[in-house]
Amino acid sequence: MGSLRNPVGPLPSSIYWRRRVVLLSVVALLALVITLIVTTGGGGGKKSTAGSDGKNPTHVITPGPGQSGPAISQHPGGRDESGGDDTGGGADSGGSDGGATGSAGSSGGSSDAGGSSGTAGSSGAGAGSGAAVAAGDALPGSSSLPDCTSSAVELGLRSVRNSYSPDQTPTFELTAKNGSSADCKVDLGPAHAVLTITPADGDDPFWSSDDCLKGPGSLAFRVPAGQSITYTVTWDRKPSAAHCGTPAGGPAKPGTYLLEAKMPGHGKLQTSFVLSAD
């Protein structure tokens, strides 16, 4: 034990003490390194075990199959816009010949006095048009169905075409839309829903539906609750005169004309159209 405290050798004792300190430091460092290696390795094994025991499952996200095309395959709105032109064409062709289904009876005079005939709505009717009605659909005069009030029914007037060539018959539509919860009746006959056609550059009507009645002047139609009806009138381009008088002048000339409808209790409706020269 004395040799441990007092080193024996040819060199000074301080040198031997330094060697012992260095050796002990190396041994302690090696022990520390071994301890760290063992601790780190053991911890990794525990994590692996914990990850595979089902208590803390590991979630793995794998990419799905790649897409070679765009994510959106339809046009905005969920419909194919390529058919839009076809729809417009259908509406245009429907009014090109003044086509109608079912006669509504004559409401004009002789060929000299000119006049119009009511028909069912054309197939080219646009938005807002309802079920087509004709004279045969009119209610009997004894019908107890209440009259449509202006607050319950909205009336509409339109020309099927904006412009008519010489071989086309001007065709107009009267519509009635019932916004109430009960059925009612509306009179669209030529003496009640009076239509007049006036040149845009004049003041006097060129033609009026009530000038010379040859058919029924009253045509009352049922307007179902929440629905619409459409009554169509065609014009032969000839003038009319009051009380079936002889009109002055011949057929209507090319130009712009104002179409007006007046109904008691429903005010006045207006639109315009053009008779082209070719």
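Every heavy atom of this structure was used, including side-chain atoms; hydrogens, water molecules and symmetry mates were not.
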One should read off an interatomic distance between Asp183 CG and Gln227 CD, to the nearest 0.5 angstrom, of 8.0 Å
Answer yes or no: is there a side-chain heavy-atom contact under 4.5 Å between Asn178 and Pro224?
no
Is His243 close to Cys212 at the side-chain level, that is, under 4.5 Å between some pair of heavy atoms?
no
In short, Ser276 meets Ser165 closest at the heavy-atom pair OG-CA, 3.2 Å
What's the spacing between Tyr231 OH and Thr175 OG1 if we round to 0.5 Å?
14.0 Å
Assess the residue pair Tyr164 and Ser159 against the criterion (side-chain hydrogen bond (donor to acceptor under 3.5 Å, both in side chains)); give the C-alpha distance rounded to whole Å, side-chain angles, the decisive distance to 0.1 Å, and a yes or no.
CA-CA 10 Å; Tyr164 298 92; Ser159 173; 2.7 Å; yes
Within-4.5 Å side-chain heavy-atom neighbours: Lys185 and Val223
no
Would a distance-only check, ignoring hydrogens and angles, find a side-chain to backbone donor-acceptor pair under 3.5 Å from Thr40 to Leu36?
yes
Can you name the closest pair of heavy atoms from Arg222 and Leu139 and give their distance?
N-CD1, 3.9 Å
Side chains of Pro166 and Gln168 in contact at under 4.5 Å (non-hydrogen atoms):
no
Are Val233 and Val274 grouped together when hydrophobic residues (ILVMFWY) are joined by side-chain heavy atoms under 4.5 angstrom apart?
no
Look at the side chain of Asp210 and the backbone N and O of Val194, then say whether any donor-acceptor pair between them is shorter than 3.5 Å.
no
Tell me whether the count of non-hydrogen atoms from other residues, nucleotides or ligands lying under 6.0 Å of CD in Glu260 goes above 12.
yes
Minimal non-hydrogen separation, Val186 against Ile229, with atom names:
CG1-CD1, 4.0 Å
How many angstroms lie between atom CG of Leu195 and atom CG of Leu269, to the nearest 0.5 angstrom?
9.5 Å
Assess whether a salt bridge exists between Lys177 and Glu154, defined as any Lys/Arg side-chain N lying under 4.0 Å from an Asp/Glu carboxylate O.
no
If you define the side chain from C-beta out and look only at heavy atoms, does anything of Phe273 sit under 4.5 Å from Asn162?
no
Taking the side chain as every heavy atom from C-beta outward, state whether Val160 and Glu173 have any atom pair closer than 4.5 Å.
yes
Say you draw a straight line from CG of Leu155 to NZ of Lys268; how long is it, rounded to the nearest 0.5 Å?
14.5 Å
As an exercise, state the distance from CG of Asp204 to OG1 of Thr196, rounded to the nearest 0.5 Å.
11.0 Å
What I want to check is whether the side chains of Thr169 and Thr171 have a donor and an acceptor closer together than 3.5 Å.
no
Closest non-hydrogen atoms of Phe206 and Pro251, given as atom of the first, atom of the second and distance, are CZ-C, 3.9 Å
Which heavy atom of Ser209 sits nearest a heavy atom of Ala193, and at what distance?
OG-O, 3.9 Å
Report yes if some heavy atom in the side chain of Phe172 is under 4.5 Å from a heavy atom in the side chain of Thr232; otherwise report no.
no
Mind listing the closest non-hydrogen atom pair of Ser208 and Ser240 along with its distance?
N-OG, 2.9 Å
Would you check, one step at a time, whether the test side chain to side chain contact (heavy atoms under 4.5 Å, CB included) holds for Leu157 with Leu259?
CA-CA 9 Å; Leu157 175 67; Leu259 174 65; 3.8 Å; yes
dist His266:NE2 -> Asp187:CG (nearest 0.5 Å) comes out at 9.5 Å
Relative to the ring of Trp207, is the ring of Trp235 parallel (under 30°), tilted (30 to 60°) or perpendicular (over 60°)?
tilted
